[in-house]
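The structure appears below as structure tokens.
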Amino acid sequence: MAVKADRMEASAQELYRALPSVNEVLLREAVQALLLDYSRNEVVDAIRKALEGLRGEIASGLGAPTDLSSRIDALPESIEEILRRGHRYSLRKVINATGVLLHTNLGRAPLSRKAMEHVAEVACGYSNLELDLDRGERGKRDVHTEPLLLALVAEAAGFTAETHRAIVVNNCAAATHLTLDALARGREVLVSRGELVEIGGGFRIPEILEASGAVIREVGTTNRTRVADYQAALSANTAMILRVHQSNFSMDGFVERPSLREIVALGAKNNIPVFEDQGTGLLRSLADYGYPGEPTMVESLAAGCDVVAASGDKLLGGPQCGILIGRKPVIDRIRAHPLFRTARVDKLTYAALEATLLQYRSCSFREIPLFRMLAADTEEIASRCARVAAALADSSLAAEVVEVEGMLGGGTSPKVRLKSFAVALNHASHSPEEILRALRLLEPPVIGRIDADRVLLDLRTVDPECDHDLMQSLRALEPSQGAS
Ligand SMILES: *Cc1c(COP(=O)(O)O)cnc(C)c1O
């Protein structure tokens with residue numbers, strides 16, 4: 001590479017001219033070796049990109065020719081890096097150190113090992129998804145989770161599995177849409193003004209109601225709604241009363257809302273079905289973990305709701321799906337609606353949900369990551385943080401252990417705070433934003449958060465098996481200037 005290293009000031013033109021051609025780079029031994037693993041076209045593309053990168057650097061004022069010369073020498077490595085990135089998955093595992101258990105951006109609930117194994121088994125071969133093995137006839141995919149779902153709620157909710165049904169669709173939004181469409185198209189749905197809310201990710205109750213062809217009949221006011229308000233709004237055109245769990249926000253002060261039981265009583269008296277968009281899918285009380293007060297699906301069904309919709313990947317701790325449990329005639333109508341087919345879930349979802357529900361049945365809650373993280377001993381989290389901080393003693397990062405508060409997340413229980421500990425990171429010459437970005441660019445990426453001008457890594461949401469790798473990655477971390 002004929003770069004005149006003795007000239008400290010070179011014009012950009014000279015630097016451009018010093019760049020090798022694609023062919024010259026291709027002929028280098030280290031680049032030829034890449035042809036063993038990658039196609040020629042890919043390698044040529046990567047060389048172009050790498051040279052493009054160097055041109056960009058020159059344009060933005062790369063210093064001396066000596067810099068360029070060493071960059072040119074390092075071309076094979078940058079080319080290999082470009083090739084590796086091209087073959088890397090877009091959807092990748094990350095380490096969630098945000099302390100938010102159900103992080104919608106990070107895929108909400110992690111699946112248990114057992115669920116994952118069941119998915120793998122079912123995914124890689126054929127299955128009896130729609131085959132009744134006993135009779136040798138076509139079966140319904142519902143059967144893989146319906147009996148389990150009903151068994152988990154029936155007794156506590158005070159009904160028998162004969163009177164109710166449980167079906168699964170793609171997510172809770174679909175479950176709600178489908179229910180409104182099947183039961184209320186062209187007719188009125190009574191809903192409190194305090195429940196015409198946005199759940200997150202663009203899921204707005206008024207919009208879903210409109211999309212389903214139902215007519216919104218608002219009752220009460222934003223902060224106060226009484227049974228009498230629902231009563232006054234009833235008419236011959238009322239198809240249903242909708243109740244929306246205010247899962248992702250809370251209202252305090254001068255507020256009033258009838259209990260679900262009162263609404264169910266009103267509905268029963270007037271022969272109007274009551275539908276609750278319960279959202280969280282919580283099947284067992286969180287009181288065991290010290291967080292009482294978060295309503296469960298069982299409570300909704302015990303109150304007498306005709307149908308309840310929930311997510312599978314929130315407080316149930318399973319795969320993304322929407323679960324509908326309700327009275328048989330109501331669910332039958334929803335199941336028969338043409339839209340059901342458009343929200344149908346695949347075998348992978350059934351496999352993951354079935355395995356998760358079986359873990360509920362055997363009370364193996366420790367095996368479900370969501371509950372394992374909830375139950376994690378705070379002192380244990382603190383000592384893990386201390387080990388990580390100690391490993392950074394001689395690195396460029398300043399680390400200390402601090403007490404923090406985590407959250408359930410995923411649009412659930414906004415008031416619940418999970419006492420936890422975090423490794424707080426600072427760098428003498430880099431901003432917290434730059435550290436955060438460098439963490440995201442690690443392999444696997446580490447997702448933290450910024451609080452009070454430092455980066456926090458809450459280890460409650462980090463699998464202890466990842467601690468060692470996390471330490472190694474942090475020790476090698478080199479933030480770069482200008483985080484985007
Ligand atoms: C989360 C939530 C939804 C949306 O659930 P998805 O499974 O994400 O579609 C709907 N309603 C309520 C009350 C929720 O909490």
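Both ligands and their constituent atoms are indexed starting at 1 by order of listing. Model, not experiment: these values are computed from the prediction.
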Name the orientation class of the two ring planes belonging to His144 and Tyr350 (parallel below 30°, tilted from 30 to 60°, perpendicular beyond 60°).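 Rings of His144 and Tyr350: perpendicular, as their planes differ by over 60°.
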
Quick check on side-chain hydrogen bond (donor to acceptor under 3.5 Å, both in side chains): which of Glu195, Glu276, Glu294, Gln278 does His245 satisfy it with?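 By the side-chain hydrogen bond (donor to acceptor under 3.5 Å, both in side chains) criterion, His245 pairs with just one of Glu195, Glu276, Glu294, Gln278: Glu294.
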
Answer yes or no: is there an ion pair linking Arg165 with Asp332, defined by an N-O contact shorter than 4.0 Å?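 Yes.
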
Quick one about Thr225 and Glu256 (side-chain donor to acceptor, distance below 3.5 Å, no hydrogens or angles considered), yes or no?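 Glu256 vs Thr225: no donor-acceptor pair found between side chains.
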
List the steps and the verdict of side chain to side chain donor-acceptor pair (under 3.5 Å) for Asn96 and Thr98. CA-CA 6 Å; Asn96 172 14; Thr98 63; 2.5 Å; yes

Identify all pairs of nitrogen or oxygen atoms, one from ligand 1 and one from the protein, separated by less than 3.5 Å, and list them with distances.
from	atom 1	to	atom 2	distance (Å)
ligand 1	5 (O)	Ser311	OG	3.0
ligand 1	7 (O)	Cys172	N	2.9
ligand 1	7 (O)	Ser311	OG	2.5
ligand 1	8 (O)	Arg108	NH1	3.0
ligand 1	8 (O)	Arg108	NH2	3.0
ligand 1	9 (O)	Cys172	N	3.2
ligand 1	9 (O)	Ala173	N	2.8
ligand 1	11 (N)	Asp277	OD1	2.9
ligand 1	11 (N)	Asp277	OD2	2.7
ligand 1	15 (O)	Ser247	OG	2.7
ligand 1	15 (O)	Lys314	NZ	2.7

Check Lys347, Lys140, Arg141 against Glu130 for a salt bridge (charged side-chain N to carboxylate O under 4.0 Å, His left out) and give me the one that passes.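 With Glu130 as partner, salt bridge (charged side-chain N to carboxylate O under 4.0 Å, His left out) holds for just one option, Arg141.
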
